[in-house]
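Atoms within a ligand are numbered from 1 in the order they appear, just like the ligands themselves.
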Amino acid sequence: MTTTESQPADTWNTPHLQGLMAPVFEERDDTDLAVVGEIPAALNGMFVRTGPNPQFAPLGAYHPFDGDGMLHAVYLADGKARYRNRWVESKGLLAERKRGRACYGGMSNYTIPDEDVLAEGGMLKNTANTATVRHNGRYFGLLEAAPPTEFNRELETLGEWDWGGKLQGPMTAHPKLDPVSGEMIFFGYRPVAPFLMYHEVNAAGELAHSAPLDIPAPVMMHDFAITENFALFMDSPAVFDLEALFAGGEAMGWQPDNGTRLGVLPRGGTNDDIRWFEVPNCYVVHFMNAQEDGDTITLRAPSMPDMPGGLKFEDPDGAREPNMWKWTIDLAAGTVSDEQTDDVPGEFPRVNENLTGRATRYGYNCTARGWEFDFDFTGVVKYDFEADSSSAFTYADTQVSGEHMFAPDPNGTAEDDGWLMTFVTDRTTEQSELAIIDARDVEAGPVARVQMAARVPLGFHANWFAD
Ligand SMILES: [Fe+2]
């Protein structure tokens, strides 16, 4: 087991904690931020971006998924902006703060923590570093290996949330909010049976339905999709290997023989109701959206043909370019077809979430310099699936952007009435800004660039919580 004594002094010196990925150690409150351009008056709410930001030097090998979650919020009101950032104060981080050092290993060097740390913080540090969601007035930080962590609008951690003990096991970082029913639909996967659990939280915030779903092997399933009547799962051969993990190896490996299948579960249903459709092997990290038209379900996502390097991103074979694909499931005929719809690699897909699970004409993807998981994003692409066209904006060569999320215009009527927002940081000056692009005219670039007073490290998912 790794101990503090054997901890190398240079564990900060790892590729995923350098440059713009280096953590920040200051929790700030900056008001009346400078703005280049003009913040749209209709944007009133909170933009939140989360990501890994380790407070203590890692125990050993650092994986980019490991770091303590840090929430970065830009509050927009009446054309003005303020910034606040706070660590997610997980039980594990609090245990580490008490001892002044890291006590948890990560995905590349998992260790069971010492007994006293285990009692305070559990087997796994719930960093909640991946994404955020708001449902029934509660804000949650999410880590797919653990239950959600509630926080308030000022980013103070309120603790783990399990719907009164009803949530047994983890929750995906990508729950789906049904814009019509007000439900929050999600799943949890884990390396021990049941490998996949399906959950529905009703509009009143009660966990109303849970069902275990049978899949052949424990796989890493990062996201899923919904339509008005169905939940859709992709079971790809990114198979967990607990033995390897405990032996200090890789948590997940690509096992093509396990195959890939799409699961179609009627919402409210159980394992008896799910239908699986075999598809050619592929891996989807994030789904863009899905819709149903009669007996036909259409699903869109950036997809990779395989993932030979698993989660070991330093492996030169580990990077695959995600390209937009479309799967069409004919429920009456019992068939599924797939086709690549674009050859510009992109990820972190988003749509106008007022139309989650419904027909969407537009989708937004982020472009990158590479796909080695160093978050090196270059800009945003807007797809018009009806016109079969796209438009794009690319930031300056020295700039790195992040996930562009879509904030609908509350006064808008068209699907693309709204703004795309992301943090952008310049590699040479380390100046971070919140870029706001009018989604109706992506090519024009930001209409407002809100200047941060300190660098915001590169990170994972962004969200917009309108007032
Ligand atoms: Fe994600």
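Screening Thr127, Leu71, Asp68, Thr157 for a side-chain contact (heavy atoms from CB on, under 4.5 Å) involving Trp87 leaves a single residue, Asp68. Leu262 pairs in a side-chain contact (heavy atoms from CB on, under 4.5 Å) with only one of the listed residues (Ile329, Leu232, Asp338), which is Ile329.
Ring geometry for His63 against Phe65 counts as perpendicular: the plane angle is over 60°, on a 0 to 90° scale with 30° as the lower cut.
If you check the side chains of Tyr383 and Asp342, you find a donor sitting under 3.5 Å from an acceptor. Between His209 and His199, the side chains place no donor N or O within less than 3.5 Å of an acceptor N or O (distance only, hydrogens not considered). Donor-acceptor pairing under 3.5 Å is recorded for the side chains of Arg134 and Tyr139.
Around the Fe ion (ligand 1), the protein atoms of type N, O or S found under 2.8 Å away are His174 NE2, His222 NE2, His286 NE2, His461 NE2, listed by chain and number.
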